[in-house]
Colleague: 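Just passing along the structure, written as structure tokens.
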Amino acid sequence: MTDTSQQGGGPAAPARKHGETLMKLTARTKRRNAAERRFQAYGIAAIGVGLLMLVILVVNIFGNGMGAFTQTFITLDVHLDQSKLDKKGNRDLEDIKKVSTFGYAPLINRAFETKAADLDLKSGLKPKAMADLLSKSAAAQLRDYVLADPARIGQTVSFRFLANSRVDGYMKGRVSRESIANDKNISAAQLDLVDELIAEGTVRRTFNPAFIFGADASDQRPEAAGIGVSMLGSLFMMVVVLALALPIGVAASIYLEEFAAKNWLTDIIEVNISNLAAVPSIVFGILGLAVFINYMHLPMSAPLVGGLVLTLMTLPTIIISTRASLKSVPPSIRDAALGVGASKMQAVFHHVLPLAAPGILTGTIIGLAQALGETAPLLLIGMVGFIASNAPDGVAAGLMSPNSAMPAQIYEWAKRADPAFYERAWGGIIILLVFLITMNTLAVILRRRFERRW
Amino acid sequence: MYDTAKTESALDQTETKISARNVQVYYGDTHAIKDVNVEIEDKTVTAFIGPSGCGKSTFLRCLNRMNDTIDICRVTGDILLDGEDIYDPKVDPVQLRAKVGMVFQKPNPFPKSIYDNIAYGPRIHGLARNKAELDEIVEKSLRRGAIWDEVKDRLDAPGTGLSGGQQQRLCIARAIATEPEVLLMDEPCSALDPIATAQVEELIDELRQSYSVVIVTHSMQQAARVSQKTAFFHLGHLVEYGETGQIFTNPEDPRTESYITGRIG
């Protein structure tokens, strides 16, 4: 009650008189408690803002991206007309191959015509306009089917074709009758036909595994694009990063932490490693371009080069976390080992390293997760390749042949014009996030699981 | 070495095990040990006493070259083990430490099983040809460490799960598993309760049969109880060295007297 003159907290003055009651708060205590409550409120507010951002982000990503996992398919019975595909009728594969995808288009037109007649639809659309509801990959799908087994010519087969991205957009609510006013790719009459086909069950929107496992597709066919091949590219890069960064990083850290003398040289190295961790990733990209591609003539766009660049980026993370976990092993363990006559290396490898392993593992996984999400250096070494083909055969081919990576693929989609690609970019982000969250969870679990107490 | 009859007879002779001549230790610019000369006898418990920071632990760590692990530490002078200079460039500290075992202030068992704690030293020194021999060494060491009866049923349990006193006896057993000739103990009881301390002291007295034991301690009662010889260190100097009884009852140096009567330290 007395102590108002003591603001600013000087040395504890004997301002409080003996015999004062504890039941009443002094002004000073009240102020102190208020300050504490205020601080707690700030903290809660800060966490709240952070959480809010996270929720907005997650809702946004899932809201925009979930659509990419489903796709609109149109089921049609196509008669594989011998007069169009194999005029000579002798099922000679070479002759059949001469028929290009253009030769297959009439079959699809015919199929639509038949469908319309069966359902007694009076859309007034020409067969060609009806066939435009399908993806441009439809003819190729037919041709692949026929070439796989020419004996099928002459039969009538039910196919599940990808719908055009506009039809797909219409199913997902992205395209409406108003929005197509200036769109030459689709007309209101075509949408009417789609409505009728939906009612009839020919047009359906279902889960599309091709988005997760498939290859990228050209600008005209967003509905066919998938992230699978770039996922493989990322996988190959991670293999390179793991195979190089882990042994190099751990060996460097063990040497620096346990063996190297502490002098100006090691100080400089230490500072440089810490600085390296803060170097913008695009710098590593241009370094990789200059050294690995221009100087060493490694192939452009190859996961090997991407992996090498990401190794450079990941090394500081791994070294720093490895050194930290080596440091956290109590020196008494080293003393104990040295005391019974172990050599320094034995002490490190038999005792210190096993104790530091969970920390090293965690650091490595986090470093890998970082590398997995890295985009900028990949742009510089050309790992934004348009890879429409499927998986490479074999690990060696996988490392050396051009590929893309998940974040680069997402970037690539995001900058394409068609809004259908925009949706795929969000979908790709969901897949990337699933990987990152899995890796980070794994790191946390490993740390918890192997944490030792001494 | 374990022949008690021979040990008893050896007790009578005062054979020098370690002799230090003009030992100086520097930590960077700090002169931590100044001109220490001491003869440590075989089959004897020698206690190093002195106030904190007087250099007794530093000197102890010189005796098995544990100071080598500290970059800025520099040792000059000669330390002879059985007449051989342990700081000779030809001497590998690893081999030396197999001969001169060490027990630390804080019990520091490896976070492994009790069995592996003991077996580690013999394994890396190749003392056992097979599992049976190793088992034998482990049992013998644990018995000599006076902890066998308490742990014989749980050799696979982690050494870190034992109580503090048990851990320290485990560490002593680990140190003697490699059959050293000298056992250095750096305040082995400072982290233990009185009962565990008594057990360890009893053990030290038994170890005297076979080893030269050097023990650093802050407890003068402990020094008086377990040691035959006592060295008093003060500010890096070895002030006085002699029979324990004499140091505690009739010290020659006034500083020693002040310390043991509690006036400095």
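Chain letters run A, B, ... following the sequence lines, proteins first, then strands; residues in each count from 1.
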Colleague: If you measure from OG on Ser325(A) to CD on Glu257(A), what distance do you get to the nearest 0.5 Å?
Modeller: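 Going from the OG atom of Ser325(A) to the CD atom of Glu257(A) covers 9.0 Å.
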Colleague: Are Gln222(B) and Thr217(B) linked by a side-chain donor-acceptor pair shorter than 3.5 Å?
Modeller: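 A pair is found: one side chain offers a donor N or O, the other an acceptor, under 3.5 Å apart.
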Colleague: At a heavy-atom separation under 4.5 Å, does Arg65(B) approach chain A through its side chain, its backbone, both, or neither?
Modeller: neither
Colleague: Measure Pro93(B) against the heavy atoms of chain A and call it side chain, backbone, both or neither at under 4.5 Å.
Modeller: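 Contact with chain A is absent: no heavy atom of Pro93(B) under 4.5 Å.
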Colleague: Look at Gly339(A), Ala342(A), Ala336(A) and state which one has the largest set of heavy-atom pairs under 4.5 Å with chain B.
Modeller: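 Option with the top pair count is Ala336(A).
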Colleague: Checking Ser113(B) against Arg154(B): is there a side-chain donor and acceptor pair closer than 3.5 Å?
Modeller: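 No, no side-chain donor-acceptor pair sits under 3.5 Å.
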Colleague: Could you check whether any side-chain heavy atom of Ser281(A) comes within less than 4.5 Å of a side-chain heavy atom of Glu374(A), counting everything from C-beta outward?
Modeller: yes
